[in-house]
> 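Structure provided below as structure tokens; questions to follow.
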Amino acid sequence: VASIFYIAYTRDDVADRSRRPIFFSFNGGPGTASVWMHMGFTGPRRVLYDDEGFMPQPPFRLVENEYTILDVADIVYIDPVATGYSRMAAGEDPHRFHGVMDDIRSVGEFIRLYTTRNQRWESPKFLIGESYGTTRAAGLVGHLQQQHQMYFNGVVLVSMTSLDVQAGADVGYALSIPHYAATAWYHKALAPELERRPLREVLDEAERFAMGPYLDALVQGDRLGDAERQTVAAQVARLTGLSPGYVLRSNLRIDRGRFRKELLRERGLTVGRLDSRYTGRDRDAAGETNEYDPAMEAWNGPFAAVVNQYLRDALKVETDLKYNIWGDVRPWRRDEGVNVGEMLRRAMTQNPYLRVLVLAGYYDGATDYFGAQYAIAHLDPSGALKNRFEFAFYESGHMMYVRKADLAKAKQDLARFVAASVPRSEPVKTTQE
């Protein structure tokens, strides 16, 4: 029906594979290959960016990744159908697997087959997904547990989506405020007294305001008094770098796309969606939204160049088939009644050893860190699972690993998570050979 391309790194000098953890890794989109984490985060080599994660001048090149997680686990990078070199067989519907559950089933069947053929049923198993890959991972861990009785030790969610947790419009506006504050702080668009404070201090204030006075004001709608409206608008402006007038004209509700255009409008710049540290310049400085995402454009070229060279030179993949970093998966079917957050919750309830680590960047405007905290807190409001969720935050964006300091930190966060998620009688090395 289909062929799925994958790249597996496995340690050869392991006598007992039941002691060796294994990660199944994929990215998101939906519709992107596993190239991003493979060539930027966890693999043996990585795309070279400057230390802050900004694009160098082409041509682009790979360097050895001193922060790979191969010292603590094997990794299998999976390219779902239509991405990478994965394709449907001739005569088959090319979009057969392009929906939430069809995607989960196809990737799940690949994992079952790989685990069986490579004798990894006894290994500690982990999923790691980025962006839409977190939606896939949340559903996949439940699906594999229910359909194939395959139990996992951990799930890593990198730049997490909402996992089908419904926050509501007003809560959504409130959850955006801390990201806006981080972005404005980075670009020195806040008042001097805020700019002098550490980022984390500013975010703490933004979080308290967002879920307190600001959300209280939003839910009042037209019952909000004029005096309170002015007070709230002034505080929103103070924390976001926007003008009070703009906030009032927006009815206190700041759309993310419009924020990216408005924040640095007087400088003639826009800020990135996936990483708001990046700036762009549009042809029309008076528009409502930015013409392109400067962060994505800083990542597309370097990653495409290095993965195509690496596959042919290092891995000896001989084919003229195009490696689809972005595959044709539209329209993507959103199955009615499917809730991947509930699938994850149920898997954690039935498997009391399953743990979850969430990695989030403060400057990610697509899957923001505060929204991730809200979603996780509402998967099981009873609090029974809260001690099995962990968070790690970074001073970068969606692909936090392009910033060298955050790559180093993320490596240690992953290593600690693996060590805490496997049986204590089977210690995992957390230092690189």
Side-chain angles (χ1 to χ4, degrees), residues 4-27 34 37-38 41-44 65 67-80 104-130 133-134 136-158 315 343-344 346-348 350-359 388 390 410-433:
I4 291 186
F5 181 79
Y6 71 96
I7 297 171
Y9 296 97
T10 57
R11 186 163 178 164
D12 292 331
D13 61 347
V14 176
D16 183 2
R17 292 204 177 276
S18 68
R19 294 174 176 264
R20 176 73 170 164
I22 184 169
F23 272 84
F24 294 95
S25 176
F26 35 78
N27 277 84
S34 60
M37 288 196 292
H38 180 194
F41 187 8
T42 52
N65 184 10
Y67 306 108
T68 177
I69 64 167
L70 286 171
D71 58 325
V72 300
D74 293 338
I75 314 173
V76 182
Y77 295 98
I78 306 168
D79 290 341
I104 286 170
R105 293 187 192 100
S106 64
V107 176
E109 180 64 1
F110 168 84
I111 291 174
R112 183 192 71 81
L113 286 168
Y114 181 92
T115 302
T116 300
R117 293 176 183 178
N118 291 277
Q119 301 176 315
R120 301 307 296 263
W121 275 91
E122 292 185 329
S123 299
K125 289 179 281 296
F126 295 81
L127 296 174
I128 180 169
E130 179 181 322
T134 64
R136 179 184 294 126
L140 194 54
V141 71
H143 172 77
L144 286 167
Q145 191 169 302
Q146 286 296 309
Q147 298 301 315
H148 301 304
Q149 294 72 56
M150 184 181 292
Y151 280 56
F152 280 75
N153 295 72
V155 178
V156 181
L157 305 176
V158 182
L315 301 188
M343 294 171 76
L344 173 60
R346 188 173 299 176
M348 295 181 73
Q350 296 170 359
N351 174 5
Y353 301 103
L354 179 61
R355 299 163 60 90
V356 175
L357 172 64
V358 180
L359 311 186
R388 285 193 274 148
E390 300 174 41
K411 158 59 191 287
Q412 293 304 316
D413 292 335
L414 283 177
R416 282 191 291 269
F417 179 70
V418 171
S421 303
V422 298
R424 294 185 183 277
S425 59
E426 301 174 3
V428 175
K429 293 173 63 178
T430 58
T431 58
Q432 188 155 337
E433 293 185 339

> Is it the case that the side chain of R120 and the backbone of R20 share a donor-acceptor pair, with hydrogens and angles ignored and the cut-off at 3.5 Å?
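Yes.
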
> Nearest heavy-atom pair of Y353 and R388: which atoms, and what distance?
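Closest approach of Y353 to R388, heavy atoms only: N-NH1, 4.0 Å.
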
> Test your reading of the model: is there a side-chain donor-acceptor pair from K411 to the backbone of T68, 3.5 Å cut-off?
yes

> Scan D71, D74, L70 and name whichever one has a side-chain contact (heavy atoms from CB on, under 4.5 Å) with R11.
D74

> Which heavy-atom pair separates P124 from S18 by the least distance, and what is that distance?
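So the two residues come closest at CD-O, 3.3 Å.
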
> Shortest non-hydrogen contact from G108 to L144?
O-CD2, 3.5 Å

> Is a side-chain donor or acceptor of N153 paired with a backbone partner of V418 at a separation under 3.5 angstrom?
no

> H38 and ring pair (Phe, Tyr, Trp, His ring centres under 6.0 Å): which single residue from F23, F26, Y9 fits?
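Of F23, F26, Y9, ring pair (Phe, Tyr, Trp, His ring centres under 6.0 Å) with H38 is met by Y9 alone.
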
> If only atom types and distance count, is the side chain of T134 paired as donor or acceptor with the main-chain N or O of V158 below 3.5 Å?
no

> Check F126 against F152 and note the closest heavy-atom contact, atom names and distance.
N-CD2, 3.6 Å

> Determine whether R19 and E122 make a side-chain contact, defined as any pair of heavy atoms from C-beta on separated by less than 4.5 Å.
no

> Are the side chains of Q146 and Q350 in touch, meaning some heavy atoms are under 4.5 Å apart?
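In short, these two side chains touch, coming nearer than 4.5 Å.
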
> Are side-chain N/O atoms of T42 and Y77 paired as donor and acceptor at under 3.5 Å?
yes

> So do Y114 and I22 actually touch side chain to side chain, heavy atoms under 4.5 Å?
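Yes, close enough: below the 4.5 Å cut-off.
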
> Using modelled atom types only, decide if a donor and an acceptor are shared between the side chain of N65 and the backbone of F41 within a distance under 3.5 Å.
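Checked: pair present.
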
> With a 3.5 Å distance limit and no angle check, can you tell me whether D79 reaches the backbone of Y6 through a side-chain donor-acceptor pair?
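No, because the side chain of D79 does not come within donor-acceptor range (under 3.5 Å) of the backbone of Y6.
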
> Would you compute the distance between atom CD1 of I69 and atom CD1 of I75 and round it to the nearest 0.5 angstrom?
4.0 Å

> With a 6.0 Å cut-off (strictly less than), is the heavy-atom count around CD of Q149, excluding the residue itself, greater than 12?
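Correct, the count exceeds 12.
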
> Which residue in the set R136, E109, H148 passes side-chain contact (heavy atoms from CB on, under 4.5 Å) when paired with H143?
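One option only clears the test, and that one is H148.
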
> I111 versus L140: any side-chain heavy-atom pair under 4.5 Å?
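Counting from C-beta outward, I111 and L140 do come under 4.5 Å.
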
> Quick one: does R17's side chain have a donor or acceptor within less than 3.5 Å of a partner on W121's backbone?
no

> Is there a side-chain contact between S25 and I128 in this structure, where contact means two heavy atoms from C-beta onward sitting under 4.5 Å apart?
yes

> To check you understand the geometry: which heavy-atom pair defines the closest contact between Q145 and N351, and what is its length?
OE1-CB, 3.6 Å

> To the nearest 0.5 Å, what is the distance between CZ on F24 and OG on S34?
13.0 Å

> For residues L157 and A137, report the shortest heavy-atom separation together with the two atoms involved.
CD2-CB, 4.1 Å

> Measuring from N27:CG to M37:CE, what's the distance to the nearest 0.5 Å?
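N27 CG to M37 CE: 4.5 Å, rounded to 0.5 Å.
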
> Quick check: do L414 and V72 have side-chain heavy atoms less than 4.5 Å from each other?
no

> Distance check, rounded to the nearest 0.5 Å: L354 atom CG versus L127 atom CG?
9.0 Å

